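Proteins come first, then strands; the chains are lettered A, B, ... in the order of their sequence lines, and each starts at number 1. Since we're looking at a predicted model, the values are computed, not measured.
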Amino acid sequence: MMNSKNTDMVEIAGWVHEIRDLGGIRFLLVRTRDDIVQITFSKRKVSSELIDKVKTISRESVIRVKGIISKDERAPNGFEVIPNSLDILAIAKSPLPLDPTDKVVAELETRLDQRFLDMRRPKIKSIFMIRSLVVRAIRDFFYKKDFVEVNTPKIVSIATEGGAALFPISYFDKEAFLNQSPQLYKQILMSSGFERVFEIGPIFRAEEYSTRKHLNEATSIDIEMSYADDNDVIRLLEELIIYIYRYINTNADRYLKTIGIDLKIPTRPFKQVSYDEAIEIVNLEWGDDFGSLEEKKLGSVIGEHYFIREWPLKSKPYYTMPLEKDRKILSKSFDLMHPRVELASGSQRINDYELLKKQIEMRGLNLDNFSFYLDAFKYGMPPHAGWGLGLDRLIMTMLDLDNVREAVMFPRDRRRLVP
RNA sequence: GCCCGGGUGGUGUAGUGGCCUAUCAUGCGGCCCUGUCGAGGCCGCGACUUGGGUUCAAAUCCCGACCUGGGCGCCA
């Protein structure tokens, strides 16, 4: 919001971040989207009319100031503005529900209740400025790789994968659900010949969990790629993660500084462990799934991003390509793990109609519900692979946030529906 | 769904039966102050989630409700 009118005159509009009144001199710190600028009202240099006006301003009021830039070593960042005019655009009521200057840090719950104010804080705003840049990096990456960006329906008739609970909604006279994943649709698009698609969109899970890593509405980055296998999309995922980290490191330096993060860029290739190796490390029986404790242990043993590959077929969804190895029924599947949390999971998919039907039936699901999906496999479905990556968790792990809700502007969790 | 914590001014806290007309910080109001940048000094304002119970006496102990933090399960 700093528009230089000529070399000296500036106009600044923003919130009154702090007021320091020393009697004969009064400092207003005005906060714009990206900066905090000091406006200095001294009796010597500013009219008494303006001095009287500035006395009526409360913290977090919105003002517009026109004045002259003055270099002064005593000012923060070495300059300040000596005002010629002052418009009070909106007076803020008092007391404030929380303190945007970080002198007293409110709890997350209070902050989320007053999210509009919370996001005025430079640290919090920086999270979302970075999140925007991450999304930009993702689009950048996929467009360069000749992917097509798509939008699939969020109102659907059936569960995508079983497993997670769905939110039922009423769709005129029919029952419908909020989609838990774009999985089925992005696969159908492979049959339509788009070859490489990606989508950045919301997914909904009705699980009643209440943890630091779960949301009931999350943002998923999903891709699907024809003529690719699990290895191909693993490489692509690695490449994307590193692209994002690099992009943020070079384009979001100021925001990283504000948050106080020194971003370490992961190195390729990421470590890989097979499911069999992983259960060995954490002492599980073959066929067991990893609990939180095991996930933590694996994370601390490996210490950086890694893949867990070749999961037992039965612990992955029906569309996962089977893999027979050492007389065990595994799958061409993988999870991308951060030491703290799972970030992504993917696989090569089944593209054979009969095999897919068999896998759906084996899981006790009703084939009739899947006809719109299965039809796409009847008339020439290329081999393909893909994955889904949780954007919110990616931001959480990248910026070392304690709670995934910190990475979402208006999070939806077990209890929170407002704001 | 299970287990363990917690609800004290606007915000963040101290306080484990009487010393509480409740601590401290921040904030807000007033006064002083021309270089603040966690401004400072003085004065003032503002709170025990809720319903029962125990007790001479409850912020404090017990039970319920509501809200809430963490862990587990499940999940991405």
Taking atom [atom1] in both [N] and [M], what distance in whole Å separates the two?
N	M	atom1	value
B:U26	B:G41	P	9 Å
B:G17	B:U55	C1'	9 Å
B:U13	B:U49	P	14 Å
B:A14	B:A47	C1'	13 Å
B:C24	B:A65	C1'	32 Å
B:U16	B:C75	P	45 Å
B:C28	B:G46	C1'	9 Å
B:C62	B:G9	C1'	28 Å

Strictly by Watson-Crick or wobble contacts shorter than 3.5 Å, is anything paired with [N], and which nucleotide is it?
N	answer
B:G27	B:C45
B:A57	none
B:G1	B:C72

Next item on the list: Could you check A:Glu217 against A:Asp413 and say which one's nearest nucleotide on RNA chain B is further toward the 5' end?
Entry: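 Its nearest nucleotide lies further toward 5', so the answer is A:Asp413.
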
Notebook entry, point to check: Just by protein heavy atoms under 4.0 Å, how would nucleotides 45-50 of chain B read 5' to 3' in B, S and -?
Noted result: ------

Check: How does protein contact run along nucleotides 28-44 of chain B, one letter per nucleotide 5' to 3', with B for base contact, S for sugar-phosphate only, - for none, heavy atoms under 4.0 Å?
Finding: S----BBBBBSB-----

Check whether [X] reaches the backbone of [Y] with its side chain - one donor and one acceptor, N or O, closer than 3.5 Å.
X	Y	answer
A:Arg196	A:Lys145	yes
A:Ser58	A:Ala92	yes
A:Asn403	A:Glu406	no
A:Asp232	A:Asp229	yes
A:Lys53	A:Leu86	yes

Item checked: All pairs passing side chain to side chain donor-acceptor pair (under 3.5 Å) where residues 213-222 of chain A contributes a residue, at least two apart ->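 Every side chain to side chain donor-acceptor pair (under 3.5 Å) pair that includes a residue of residues 213-222 of chain A, provided the two are not neighbours, is A:Arg131-A:Thr219, A:Lys186-A:Asp222, A:Thr211-A:His214, A:Ser220-A:Asp222.
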
Item checked: ring-ring contact (aromatic ring centres under 6.0 Å, His included) against A:Tyr143, all qualifying residues, sequence neighbours excluded ->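 For A:Tyr143, the residues satisfying ring-ring contact (aromatic ring centres under 6.0 Å, His included) (neighbours in sequence not counted) are A:Phe198.
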
Margin query: According to ring-ring contact (aromatic ring centres under 6.0 Å, His included), who are the partners of A:Phe377, at least two apart in sequence or on a separate chain?
Written below: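 ring-ring contact (aromatic ring centres under 6.0 Å, His included) check on A:Phe377 returns A:Tyr373.
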
Margin query: Any salt bridge linking A:Arg31 with A:Glu18? Criterion: basic side-chain nitrogen under 4.0 Å from a carboxylate oxygen.
Written below: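 No salt bridge links A:Arg31 with A:Glu18.
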
Margin query: Below 4.0 angstrom, which residues in residues 252-263 of chain A have at least one non-hydrogen atom near RNA chain B?
Written below: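 None, since no heavy atom is under 4.0 Å.
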
Notebook entry, point to check: By a strict heavy-atom criterion of less than 4.0 Å, which residues belonging to residues 265-293 of chain A are in contact with RNA chain B?
Noted result: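 By residue number: A:Gly291, A:Ser292.
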
Notebook entry, point to check: More than 12 foreign heavy atoms under 6.0 Å from CZ of A:Arg363: is that the case here?
Noted result: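 More than 12 heavy atoms, drawn from other residues, nucleotides or ligands, come within 6.0 Å of this atom.
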
Notebook entry, point to check: Crowded around A:Lys154 NZ? As in, over 12 foreign heavy atoms under 6.0 Å?
Noted result: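 Counting other residues, nucleotides and ligands, NZ of A:Lys154 exceeds 12 neighbours.
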
Grab the N/O contacts between the protein and nucleotides 3-5 of chain B below 3.5 Å, and write none if there aren't any.
none

Nucleotide N/O of nucleotides 12-14 of chain B paired with protein N/O under 3.5 Å:
from: B:G12; atom 1: OP1; to: A:Glu107; atom 2: N; distance (Å): 3.1
from: B:G12; atom 1: OP1; to: A:Thr110; atom 2: OG1; distance (Å): 2.8

Next item on the list: To the nearest Å, give me how far apart CG (A:Leu417) and C1' (B:U68) are.
Entry: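 From A:Leu417 CG to B:U68 C1': 17 Å.
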
In a table with atom names and distances, give each donor-acceptor pair under 3.5 Å that connects a side chain of residues 267-285 of chain A to protein atoms at least two apart or in another chain.
from: A:Arg268; atom 1: NE; to: A:Glu238; atom 2: OE1; distance (Å): 3.1
from: A:Lys271; atom 1: NZ; to: A:Glu304; atom 2: OE2; distance (Å): 3.4
from: A:Gln272; atom 1: OE1; to: A:Arg309; atom 2: NH1; distance (Å): 3.0
from: A:Ser274; atom 1: OG; to: A:Glu277; atom 2: N; distance (Å): 3.1
from: A:Tyr275; atom 1: OH; to: A:Gly287; atom 2: N; distance (Å): 2.9
from: A:Tyr275; atom 1: OH; to: A:Asp288; atom 2: N; distance (Å): 3.1
from: A:Tyr275; atom 1: OH; to: A:Asp288; atom 2: O; distance (Å): 2.5
from: A:Asp276; atom 1: OD1; to: A:Trp286; atom 2: NE1; distance (Å): 2.9
from: A:Asp276; atom 1: OD2; to: A:Lys328; atom 2: NZ; distance (Å): 2.5
from: A:Glu277; atom 1: OE1; to: A:Ser274; atom 2: N; distance (Å): 2.9

Margin query: My understanding is that only residues two or more places apart in sequence, or in another chain, count here; which of them pass side chain to side chain donor-acceptor pair (under 3.5 Å) with A:Arg59?
Written below: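 Applying side chain to side chain donor-acceptor pair (under 3.5 Å) to A:Arg59 gives A:Asp99.
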
Note to self: Centroid separation under 6.0 Å, is that true for the rings of A:Phe372 and A:Tyr185?
What the structure shows: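 For A:Tyr185 and A:Phe372, the ring centres are under 6.0 Å apart.
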
Checklist line | Spacing of A:Glu295 atom CD and A:Asp289 atom CG [to the nearest 0.5 Å] | finding: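 Between atom CD of A:Glu295 and atom CG of A:Asp289 there are 10.0 Å.
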
Next item on the list: Go through the structure and list residues passing side-chain contact (heavy atoms from CB on, under 4.5 Å) with A:Asn366, not counting sequence neighbours.
Entry: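 side-chain contact (heavy atoms from CB on, under 4.5 Å) check on A:Asn366 returns A:Asp368, A:Asn369.
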
